[in-house]
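Worksheet: one structure, shown below.
Since the structure is predicted, the reported quantities are computational estimates derived from the model, not experimental observations. Every heavy atom of this structure was used, including side-chain atoms; hydrogens, water molecules and symmetry mates were not. In what follows, every chain begins at residue 1, and chains take the letters A, B, ... in the order their sequences are listed.
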Number of protein chains: 2
Amino acid sequence: MEIRKIFAANLKRYRQARGLSQEELAHRAELDRTYISALERCVYAASIDVVGRIAEVLEVKPSDLLVETVE
Amino acid sequence: MEIRKIFAANLKRYRQARGLSQEELAHRAELDRTYISALERCVYAASIDVVGRIAEVLEVKPSDLLVETVE
DNA sequence: ACATTCTGCAGAGTATACTCCGTGGTGAAA
DNA sequence: TTTCACCACGGAGTATACTCTGCAGAATGT
């Protein structure tokens, strides 16, 4: 599984679980709304700084966002 | 703990545990030697693509490289 | 139908990740 | 001392992450 897809899936899943829109998450993490959208579509490879900031907002560990979910 | 420091510490620790030099790791991960050096000194925030490639060479999960070690 | 919220996406610009060249310093072994 | 493997670090260039603006489509509610 590509790491971008893993990250994108976890990002979207945790974001929706917290009831946050892309815009609200972007604002809290001080990122651009369209960038969050792009990350969920695997357009870019986020830097670990961004992973850390998003994890903080979503109240998960940074490593959680890179864990491949077994389902 | 800053995420760059966590990543840098894990990178260095796993690399040395595998008995790899920065240059050998760089070659296997198709990255530049000076870049690996810089990552271990927290100069840059690696992209998750790079995290994935390094994890593969070190034979660990990408998320392992972002886990804060308790010590 | 209409308004509103959310998201996808394009284009252009800026910041920074990443490469490639080099130099020099340290420590271990011959 | 000399050699050698390893690493820190600088500078300049290229690739790409990230921002900003704007427009349009889908979904939801009135």
Side-chain angles (χ1 to χ4, degrees), chain A residues 1-69 71, chain B residues 1-69 71:
Chain A
M1 178 83 146
E2 279 178 42
I3 195 169
R4 289 195 194 190
K5 290 187 181 176
I6 295 172
F7 176 70
N10 287 328
L11 167 55
K12 187 168 189 172
R13 189 163 50 82
Y14 283 121
R15 177 179 66 78
Q16 293 179 334
R18 301 291 181 271
L20 295 175
S21 65
Q22 292 178 347
E23 185 156 17
E24 181 62 25
L25 169 60
H27 181 253
R28 296 192 192 182
E30 294 181 297
L31 292 168
D32 194 79
R33 179 191 70 76
T34 66
Y35 182 55
I36 298 294
S37 169
L39 286 182
E40 291 188 356
R41 286 176 289 118
C42 303
V43 175
Y44 301 115
S47 71
I48 59 174
D49 283 358
V50 164
V51 173
R53 283 154 68 184
I54 290 177
E56 197 169 351
V57 171
L58 295 178
E59 296 177 305
V60 297
K61 290 170 290 182
S63 58
D64 289 339
L65 294 175
L66 294 189
V67 169
E68 185 160 12
T69 55
E71 77 179 279
Chain B
M1 179 83 146
E2 280 177 40
I3 196 168
R4 288 194 196 192
K5 291 187 181 177
I6 295 172
F7 176 69
N10 287 327
L11 167 54
K12 187 168 188 172
R13 190 165 49 84
Y14 282 121
R15 177 179 66 79
Q16 293 180 335
R18 302 290 182 271
L20 295 176
S21 66
Q22 292 178 347
E23 184 156 17
E24 181 61 26
L25 169 61
H27 181 253
R28 295 193 193 181
E30 294 182 298
L31 291 168
D32 195 78
R33 170 184 61 82
T34 66
Y35 182 55
I36 298 294
S37 169
L39 287 181
E40 291 187 357
R41 287 176 288 120
C42 302
V43 175
Y44 301 115
S47 71
I48 60 174
D49 282 358
V50 164
V51 173
R53 282 153 68 185
I54 291 177
E56 197 169 354
V57 171
L58 296 178
E59 296 177 305
V60 297
K61 290 170 289 181
S63 58
D64 288 339
L65 294 175
L66 294 189
V67 170
E68 186 160 12
T69 55
E71 81 181 87

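- Contacts of A:Ala38 with the nucleic acid, taken as non-hydrogen atoms under 4.0 Å apart, are absent.
- Between the CD atom of B:Glu23 and the C1' atom of D:dA5 there is a distance of 9 Å, given to the nearest Å.
- A donor atom on one side chain and an acceptor atom on the other are found under 3.5 Å apart for B:Thr34 and B:Asp32.
- Listed by residue number, the members of residues 4-19 of chain A with any heavy atom below 4.0 angstrom from DNA chain D are A:Arg4.
- If you take CD1 on A:Ile36 and CG on A:Leu11, they are separated by 6.0 Å, rounding to the nearest 0.5 Å.
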Please evaluate residues A:Val67 and A:Ile6 with respect to the criterion side-chain contact (heavy atoms from CB on, under 4.5 Å), reporting the C-alpha separation (whole Å), side-chain torsions for both, the decisive distance (0.1 Å), and the verdict.
CA-CA 7 Å; A:Val67 169; A:Ile6 295 172; 5.9 Å; no
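- In this structure, the side chains of A:Val51 and B:Val51 stay at 4.5 Å or more apart for every pair of heavy atoms.
- Around CD of B:Glu59, the count of heavy atoms belonging to other residues, nucleotides or ligands within 6.0 Å does not exceed 12.
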Residue pair B:Leu58, B:Asn10: steps toward the side-chain contact (heavy atoms from CB on, under 4.5 Å) verdict:
CA-CA 10 Å; B:Leu58 296 178; B:Asn10 287 327; over 6 Å; no
If you restrict it to nitrogen or oxygen atoms, what contacts under 3.5 Å exist between nucleotides 25-30 of chain D and the protein, and what is each distance?
none

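- We find that CG of A:Leu25 is positioned 19 Å from P of C:dT5, with the value rounded to whole Å.
- In this structure, the CG atom of B:Asp32 is 13 Å from the C1' atom of D:dG13, given to the nearest Å.
- Side-chain proximity of B:Arg33 to the nucleotides C:dG22, C:dA17, D:dC20 is greatest for C:dG22.
- Note on B:Glu30: only backbone sugar-phosphate atoms sit closer than 4.0 angstrom, heavy atoms only; bases stay farther off.
- For D:dC7, the base has no donor-acceptor partner in the side chain of B:Thr34 [N/O atoms by modelled type, under 3.5 angstrom].
- Atom-to-atom, CZ of A:Arg53 to P of D:dA17 comes out at 16 Å; the value is rounded to the nearest Å.
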The test is side-chain contact (heavy atoms from CB on, under 4.5 Å); show your working for B:Val57 and B:Leu25 and say whether it passes.
CA-CA 7 Å; B:Val57 171; B:Leu25 169 61; 3.5 Å; yes
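- If you take CZ on B:Arg28 and CZ on B:Arg18, they are separated by 11.0 Å, rounding to the nearest 0.5 Å.
- Rounding to whole angstrom units, NE2 of residue A:His27 and P of C:dT5 are separated by 16 Å.
- Contact annotation: A:Arg41 reaches the phosphate of C:dC9 (side-chain N/O to OP1 or OP2, under 4.0 Å).
- Rounded to an integer number of Å, the gap from B:Tyr44 OH to D:dC9 P is 12 Å.
- Interatomic distance, CD of A:Glu23 versus CZ of A:Arg33, reported as 6.0 Å (0.5 Å rounding).
- Rounded to an integer number of Å, the gap from CD1 of A:Ile3 to P of D:dA17 is 13 Å.
- Between the CG atom of B:Asp49 and the C1' atom of D:dA15 there is a distance of 13 Å, rounded to whole Å.
- A sub-4.0 Å separation between OP1 or OP2 of C:dG8 and a side-chain N or O of A:Ser37 is present.
- Using a 4.0 Å cut-off, some side-chain N or O of A:Gln22 falls inside it from OP1 or OP2 of C:dG8.
- Note that NZ of B:Lys61 and CG of B:Leu66 are 12.5 Å apart. Values are rounded to the nearest 0.5 Å.
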